[in-house]
Protein chains: 4
Amino acid sequence: MAKHTRLTPRKQPRQERSRATVDAILQAATYILVKSGWAALTTNAVAERAGVNIASLYQFFPTKEAIVAELERRHIAETRAKIAEVYVRHRGDGLEARVRTLVDAAVAAHLVAPELHRVFSDELPRRREETVEEPPLIDRADKSRLAKGVPQPALASWLIETVAHAAVHEGIVERRSDVQSGALADELVKLLVRYLER
Amino acid sequence: MAKHTRLTPRKQPRQERSRATVDAILQAATYILVKSGWAALTTNAVAERAGVNIASLYQFFPTKEAIVAELERRHIAETRAKIAEVYVRHRGDGLEARVRTLVDAAVAAHLVAPELHRVFSDELPRRREETVEEPPLIDRADKSRLAKGVPQPALASWLIETVAHAAVHEGIVERRSDVQSGALADELVKLLVRYLER
Amino acid sequence: MAKHTRLTPRKQPRQERSRATVDAILQAATYILVKSGWAALTTNAVAERAGVNIASLYQFFPTKEAIVAELERRHIAETRAKIAEVYVRHRGDGLEARVRTLVDAAVAAHLVAPELHRVFSDELPRRREETVEEPPLIDRADKSRLAKGVPQPALASWLIETVAHAAVHEGIVERRSDVQSGALADELVKLLVRYLER
Amino acid sequence: MAKHTRLTPRKQPRQERSRATVDAILQAATYILVKSGWAALTTNAVAERAGVNIASLYQFFPTKEAIVAELERRHIAETRAKIAEVYVRHRGDGLEARVRTLVDAAVAAHLVAPELHRVFSDELPRRREETVEEPPLIDRADKSRLAKGVPQPALASWLIETVAHAAVHEGIVERRSDVQSGALADELVKLLVRYLER
DNA sequence: CATGAATGAGTTTTCATTCAT
DNA sequence: CATGAATGAAAACTCATTCAT
């Protein structure tokens with residue numbers, strides 16, 4: 001029953017042409033996912049939109065899922081990069097500074113490709129098993145430091161991450177202007193700081 | 001003639017026999033959704049598991065989506081009832097009491113049928129158009145009162161609802177024991193109260 | 001999204017192999033239509049008789065109707081050719097010669113594939129909208145000349161075309177031998193000439 | 001394979017109520033046939049529109065075809081009556097009088113229920129075997145008398161019936177106003193008389 | 001490698017007809 | 001007899017994936 005689906009691309013494209021093909025496929029898949037959703041994502045549709053032959057598609061991706069997985073992988077890589085960037089830029093040692101960094105990271109991560117992000121988190125039929133791992137919004141070490149001192153550190157740590165993520169994630173869709181103006185981030189920082197101090 | 005995506009049942013069952021049929025269909029659909037997810041929910045699978053003929057299924061539901069919609073409708077009715085119950089039982093006028101009520105309501109709502117709830121909110125391909133409306137976790141009037149006095153009442157009101165919902169929703173899956181022990185609720189109350197008081 | 005009832009083939013076959021597939025499909029459809037009628041024309045039956053996979057059929061034809069439409073298109077092309085042939089061969093300027101040409105054309109048209117013709121005109125559920133256009137049996141210019149001089153030219157013109165067509169059309173089925181011997185054509189010519197002269 | 005479909009109603013309705021049921025069924029069938037065509041004529045649709053239970057429908061008609069057959073039978077009875085009426089009223093012994101009678105009969109017959117007539121003759125999947133027999137437009141004796149004297153009496157007799165029928169039949173659809181004004185009948189009489197005299 | 005073609009195995013949905021009460 | 005319910009059988013159409021050249 002398991003069918004042991006590999007989620008890795010079949011082969012690395014070596015030549016220019018191949019890389020272009022793979023990119024075309026991934027772009028087409030992205031477009032379809034964002035525009036029409038998971039149900040419309042058929043391999044034939046992807047191939048057609050990408051302008052490549054369906055058999056060529058299977059030269060590079062062993063299954064449909066592999067395409068999506070690769071998409072996620074790339075998306076997550078970009079996200080991680082953005083988060084890292086924020087962590088590098090911002091610094092400061094007070095509680096508020098550190099919380100703000102984490103919120104900014106969450107916002108930056110979600111602004112990489114909001115629609116695609118939405119599709120990934122809301123619409124894809126999740127396999128519970130093999131999944132590409134999502135990047136945590138907060139540096140592990142930092143998280144511990146933040147939650148240190150509060151009565152239930154593990155729970156608190158989980159809570160702030162969950163809350164920060166949810167607020168930004170939903171906010172992107174439901175409160176876009178507040179996200180862009182920074183108002184949402186400000187409120188969120190306030191909420192987290194008050195929770196964490198003392 | 002235009003396949004009018006009806007989400008309502010085609011006809012009500014009148015006799016005992018057919019009421020049993022409809023229930024069997026809904027139970028089967030629930031089982032499949034929870035166990036195997038949306039992708040596995042085919043009308044044939046539902047009919048087979050329900051032990052009814054596929055044509056009988058179509059006597060009562062015009063499409064697959066209508067089955068799910070009915071499931072949601074029933075789930076939401078139960079959820080609403082549970083929330084109302086909490087609001088009736090708890091009372092108290094202090095900020096903390098009111099926040100606790102709201103958190104308890106969220107927890108109660110999520111404990112009605114956690115797996116099904118997860119499927120509904122995480123896995124279904126959402127139609128942007130017609131959707132069964134989800135019940136808010138907080139009484140409207142109450143929400144306004146809670147957020148009154150803070151600088152950005154509308155944003156704050158949205159934030160506390162989003163945060164409460166997300167924490168409970170994710171907690172049910174990732175922190176089940178903390179939910180059941182009440183620890184998560186306690187932390188969440190602390191977080192919200194500190195944010196709201198002054 | 002609206003099932004756009006396309007009556008045109010989905011794509012042209014490019015290689016020998018697929019041309020054979022398409023031909024097999026069309027032949028099978030013809031066979032079934034003639035032998036068993038429209039009601040028996042199911043895509044599954046066509047595919048099976050053609051010895052091709054049902055999915056292959058759908059690679060080339062978007063709907064059952066498109067198959068029939070293609071059949072009609074081809075049939076009409078042949079018919080037109082036959083009619084043109086008659087018009088080229090025969091000539092003569094007297095009334096009788098012109099009438100005989102028209103009758104001969106009608107007969108020739110109906111002898112291209114009588115059974116198929118019968119199916120097309122008697123048995124298909126006509127869509128009022130998009131339909132493949134039937135070729136007129138009579139050259140427009142010729143028709144006008146024929147009916148000129150009579151009191152109600154438009155009506156007369158319609159009448160002779162209708163009458164000629166009907167006589168041959170019914171005759172093919174009910175009076176085949178008279179059609180083949182030429183006796184029916186002779187009578188029909190007599191009928192039309194007497195009507196038109198004066 | 002033959003399934004031996006009886007085309008006669010299962011039982012004669014004895015009571016008032018039953019007769020009403022049967023009539024409702026036949027009316028509903030007529031409505032659907034005329035409005036939506038043969039393809040839409042499903043037993044379920046007929047029962048629903050007639051306001052009777054599907055099982056009741058099968059109390060009176062053994063198959064779907066039996067409904068249509070009964071419809072045809074009634075239509076033909078009415079048609080026959082109308083034709084007979086014309087034959088009784090009109091009289092006169094000259095060729096033209098007799099031809100006019102026959103044309104009038106054809107027109108009268110077609111005006112009984114033109115839409116239904118069209119459905120019966122153009123749209124129904126004809127079984128070649130068992131069919132309800134259509135009434136000839138011309139009295140047999142009369143036909144012989146008309147065609148007597150011409151060289152090929154049998155063929156001529158067939159021809160005039162075919163031609164008269166076709167002209168009226170097509171005219172009802174394509175030349176309705178000419179039919180109603182009598183112009184078409186006049187032309188048709190002219191055509192037939194000229195053919196028959198001598 | 002690229003491409004056109006092919007296909008097994010579904011999926012949704014309908015319909016004529018019968019059954020149980 | 002009437003009614004609600006049930007159903008076998010099939011129809012139209014799709015899709016992920018492989019094959020042949």
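To find a chain, count down the sequence lines: A is the first, B the second, and so on, and within it residues start at 1.
- OP1 or OP2 of F:dA11 has not a single side-chain nitrogen or oxygen of C:Thr43 nearer than 4.0 Å.
- The separation between B:Gln15 atom CD and F:dG4 atom P is 8 Å, rounded to whole Å.
- Ranked by how close their nearest DNA chain F nucleotide is to the 5' end, C:Pro62 and B:Thr21 are led by B:Thr21.
- Between A:Glu70 and A:Arg74, at least one side-chain nitrogen of the basic residue sits less than 4.0 Å from a carboxylate oxygen of the acidic one, meeting the salt-bridge criterion.
- B:Glu65 places its CD atom 14 Å from the P atom of E:dT11, with the value rounded to the nearest Å.
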Which atom pairs, donor and acceptor, lie under 3.5 Å between side-chain atoms of residues 42-49 of chain A and protein residues at least two apart or in another chain?
unit_1  : atom_1 : unit_2  : atom_2 : d
A:Thr42 : OG1    : A:Ala45 : N      : 3.0

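- Listed in residue order, the members of residues 51-58 of chain C having a heavy atom less than 4.0 Å from DNA chain F are C:Ile54, C:Ala55, C:Tyr58.
- Between the two ends of the helix from E:dA2-F:dT21 to E:dT21-F:dA2, each summarised by a five-pair axis, the helix axis turns through 20° (rounded to 10 degrees).
- Whole-Å rounding puts the C:Leu41 CG to F:dA12 C1' distance at 12 Å.
- One donor-acceptor pair, N or O on each side, does fall under 3.5 Å between the base of F:dA16 and the side chain of A:Asn44.
- With a 6.0 Å radius and a threshold of 12 heavy atoms from other residues, nucleotides or ligands, C:Arg14 has its CZ atom at or below the threshold.
- In this structure, CD1 of B:Ile25 is placed 14 Å from P of E:dT13, rounded to the nearest angstrom.
- B:Phe60 comes within contact range of the sugar-phosphate backbone alone, with a heavy-atom separation under 4.0 Å but no base atom that close.
- A 4.5 Å side-chain heavy-atom check between A:Leu57 and A:Asn53 finds every atom pair outside the cut-off.
- Under 4.0 angstrom from either OP1 or OP2 of F:dT3 there lies no side-chain N or O belonging to B:Arg17.
- In this structure, the side chains of C:Ser18 and C:Lys11 stay at 4.5 Å or more apart for every pair of heavy atoms.
- An OP1 or OP2 oxygen of E:dT13 is reached within less than 4.0 angstrom by no side-chain nitrogen or oxygen of B:Thr63.
- Residues B:Phe120 and B:Leu71 meet the side-chain proximity criterion, which asks for heavy atoms closer than 4.5 Å.
- B:Tyr58 is listed as a side-chain neighbour of B:Arg10, based on a closest heavy-atom distance under 4.5 Å.
- Counting to the nearest Å, the P atom of F:dT18 and the CZ atom of A:Phe61 are 15 Å from each other.
- In this structure, CD of B:Gln59 is placed 16 Å from C1' of E:dT12, rounded to the nearest angstrom.
- Between D:Arg118 and D:Glu115, none of the side-chain N atoms (NZ, or NE/NH1/NH2) sits under 4.0 Å from a carboxylate O, so this pair counts as no salt bridge.
- Inter-residue side-chain proximity for B:Lys64 and B:Trp38 is flagged as met; some heavy-atom pair is nearer than 4.5 Å.
- Rounded to a whole Å, the CZ atom of C:Arg14 is 12 Å from the P atom of E:dT3.
- Residue C:Arg10 is classed as a sugar-phosphate contact, given heavy-atom separations below 4.0 Å to backbone atoms only.
- Of the candidate nucleotides E:dA2, F:dA12, E:dG4, F:dA12 has the atom nearest to the side chain of C:Lys64.
- Side-chain contact between B:Val22 and B:Phe61 is present, with heavy atoms from C-beta onward closer than 4.5 Å.
- Rounding to whole angstrom units, CD of residue A:Glu48 and C1' of E:dT3 are separated by 15 Å.
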